[in-house]
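Chain A is the first sequence line, chain B the second, and so forth, proteins listed ahead of strands; every chain is numbered from 1.
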Amino acid sequence: MIQWDAATIKQFQDTLLGWYDAHGRALPWRRDHAPYHVWLSEVMLQQTGVQTVIPYYERWLAHWPTLTDLAAADEAAVLKEWAGLGYYSRARNLLKTAQIITQERGGQWPTTAAGLKQLPGIGDYVAGAVASIAFGEPVPAIDGNAYRVFARLLLIDTDIRSGAAQRVFRAAITPLIPQDRPGDFNQAVMDLGSSYMTAKHPDSAHSPVAAFDAAYQQGVTDQYPVKSAKKKPVAKTYTALVLTTPDGQAVWQQRPSRGLLASLWTWPLLTGDQRAATVPELLTQLAAAHAITMASAAVLRDQSVGAGSVTHVFTHQHWTVYLRHLTLAAPTALPANARWLPLAQQTLAEPTLQRKMAAYYNKNKTD
DNA sequence: AATCCGTGGGT
DNA sequence: TACCCAAGGAT
């Protein structure tokens, strides 16, 4: 690992900030440095691309313009607004933190990274980003960009997926932060990491900090950062039941409040490939899995949907979902975690998996 | 420390 | 197809 002297650090800061002043991106969350705006954007941007976030960010602020507005929201409304962004605990934690600040702290944000990190959903990265950008604290905000940029500049070969990475990079980056512009420094690093110093096909030669880039100077950019491989997703198979009445009402089922797609709504899912199961078998499993009971005598029609399946890849699971369509004469009573709503309902939070299933159903439905 | 938790885009 | 990547955090 390379250590810079004080003069080099000053030159690096001036070069990086000069470039940022001239070429930094004009993003919606950079219109001001309000902690609500900085925090919301940083949470949305976790593991998520800028172009995906922008429309969600704008819609969110139209819905809840202030932290006080958000603190008064229902969790169901928050999840509905978040639906499609993924990692849904982020949305639940946004609401929790808004309530803590509004109701327990009199609307006052902690102004240090250490204080911010106590709040739900705020870890080392978001704490550093909000503390530096909104409150001017000279702390690093170490995200994937910072890992990549400084691994190359300083030839840091610590595996960025290892437990030691946070400590090693924090020690390396902290001395480089300018006391007067920590927020701009951290944002400049992010812009650098998403323009010249990208993961794939970097343009190190034209980077404004090429002169400080040891990996580029030595022709070893492709060796940094060191990042161990992920393991591949586990394959799982399910069968979704499209349970409708003749007038187009369908059974919607809310997933448990913890775990994958927590609290979101889908058509009821049974484990395994149930394309060959009989109607009584399907209903037995439906009762066991979701406490939804209905008599097989009430089923007017039993149809498979399409010849294939819906596939959806999560971080750790690769799902294959088959669809069965059962038509009932009339709605039956449902437990608290299920509802009769139109097939194309607009009121509940649906994950992308459900949107894919609905698209597949609409394309393949028989009548 | 290792695992869980989404999604869309690129190659 | 099967990877990898993108402004991580909680348990």
Legend entry - Row check, Y56(A) ring normal vs R59(A) NZ/CZ: under 6.0 Å, within 45°: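 Flagged: R59(A) positioned over aromatic ring of Y56(A).
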Legend entry - Six-ring centre of Y224(A), R152(A) cation under 6.0 angstrom, axis tolerance 45°: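 That pair does not qualify as a cation-pi contact.
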Inset, instruction - For H316(A) and for H201(A), find the nucleotide of DNA chain B with the closest heavy atom, then tell me which residue's nucleotide is more 5'. - result: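 First, find each residue's nearest nucleotide; the 5'-ward one identifies H316(A).
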Inset, instruction - Pull out every residue in residues 163-184 of chain A that has a heavy atom closer than 4.0 Å to any atom of DNA chain C, ordered by number, or say none. - result: none
Legend entry - Within residues 346-364 of chain A: residues closer than 4.0 Å to DNA chain C (heavy atoms): none
Inset, instruction - Please work out if V43(A) contacts a base, only the sugar-phosphate, or nothing of the nucleic acid, heavy-atom cut-off 4.0 Å. - result: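 Touches nothing.
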Inset, instruction - Name the nucleic acid region contacted by L85(A), choosing base, sugar-phosphate or nothing; use a 4.0 angstrom heavy-atom cut-off, strictly under. - result: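 Contact class for L85(A): base.
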Inset, instruction - Taking the side chain as every heavy atom from C-beta outward, state whether L328(A) and T244(A) have any atom pair closer than 4.5 Å. - result: no
Inset, instruction - Please check if the side chain of R90(A) supplies one atom and the backbone of G86(A) the other of a donor-acceptor pair under 3.5 Å. - result: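 Side chain of R90(A) to backbone of G86(A), a donor-acceptor pair under 3.5 Å: yes, one is there.
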Legend entry - Side-chain (H290(A)) to main-chain (Q285(A)) donor-acceptor, under 3.5 angstrom: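 Such a contact is absent between H290(A) side chain and Q285(A) backbone.
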Just the atom pairs and distances: protein N or O near nucleotides 7-11 of chain C's N or O, under 3.5 Å.
from: dA7(C); atom 1: OP1; to: N145(A); atom 2: OD1; distance (Å): 2.4
from: dA7(C); atom 1: OP1; to: N145(A); atom 2: ND2; distance (Å): 2.3
from: dA7(C); atom 1: OP2; to: N145(A); atom 2: OD1; distance (Å): 3.3
from: dA7(C); atom 1: O5'; to: N145(A); atom 2: ND2; distance (Å): 3.0
from: dA7(C); atom 1: O4'; to: D143(A); atom 2: OD2; distance (Å): 2.4
from: dA7(C); atom 1: O3'; to: L45(A); atom 2: O; distance (Å): 3.4
from: dA7(C); atom 1: N7; to: E42(A); atom 2: OE1; distance (Å): 3.3
from: dA7(C); atom 1: N6; to: W29(A); atom 2: NE1; distance (Å): 3.1
from: dA7(C); atom 1: N1; to: R25(A); atom 2: NH2; distance (Å): 3.0
from: dG8(C); atom 1: OP1; to: G144(A); atom 2: N; distance (Å): 3.2
from: dG8(C); atom 1: OP2; to: Q47(A); atom 2: N; distance (Å): 2.4
from: dG8(C); atom 1: OP2; to: Q47(A); atom 2: NE2; distance (Å): 3.1
from: dG8(C); atom 1: O5'; to: Q47(A); atom 2: N; distance (Å): 3.4
from: dG9(C); atom 1: OP1; to: G123(A); atom 2: N; distance (Å): 3.1
from: dG9(C); atom 1: OP1; to: V126(A); atom 2: N; distance (Å): 3.0
from: dG9(C); atom 1: OP2; to: Y125(A); atom 2: N; distance (Å): 3.2
from: dA10(C); atom 1: OP1; to: G121(A); atom 2: N; distance (Å): 2.6

Inset, instruction - Can you sort out the partners of R301(A) under salt bridge (Lys or Arg N to Asp or Glu O under 4.0 Å), two or more places apart, ordered by chain and number? - result: none
Inset, instruction - Using a cut-off of strictly less than 4.0 Å, decide whether K232(A) has a side-chain nitrogen or oxygen near OP1 or OP2 of dA2(C). - result: no
Legend entry - Donor-acceptor side-chain pairing of T366(A) and Q303(A) below 3.5 angstrom: yes
Inset, instruction - Report the distance from atom NZ of K230(A) to atom C1' of dA2(C), rounded to the nearest whole Å. - result: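 In whole Å, dA2(C) C1' lies 13 Å from K230(A) NZ.
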Just distance, no hydrogens or angles: give the donor-acceptor pairs under 3.5 Å from side chains in residues 231-243 of chain A, sequence neighbours left out.
from: T239(A); atom 1: OG1; to: G272(A); atom 2: O; distance (Å): 2.8
from: T239(A); atom 1: OG1; to: Q274(A); atom 2: N; distance (Å): 2.7

Do the ring centers of [X] and [Y] come within less than 6.0 Å of each other?
X       : Y       : value
W340(A) : W252(A) : no
H316(A) : F314(A) : no
Y57(A)  : W29(A)  : yes

Legend entry - Covered region of DNA chain B, 5' end to 3' end, by chain A [heavy atoms, under 4.0 Å]: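 Range of nucleotides within reach of chain A: dA1(B) to dG8(B).
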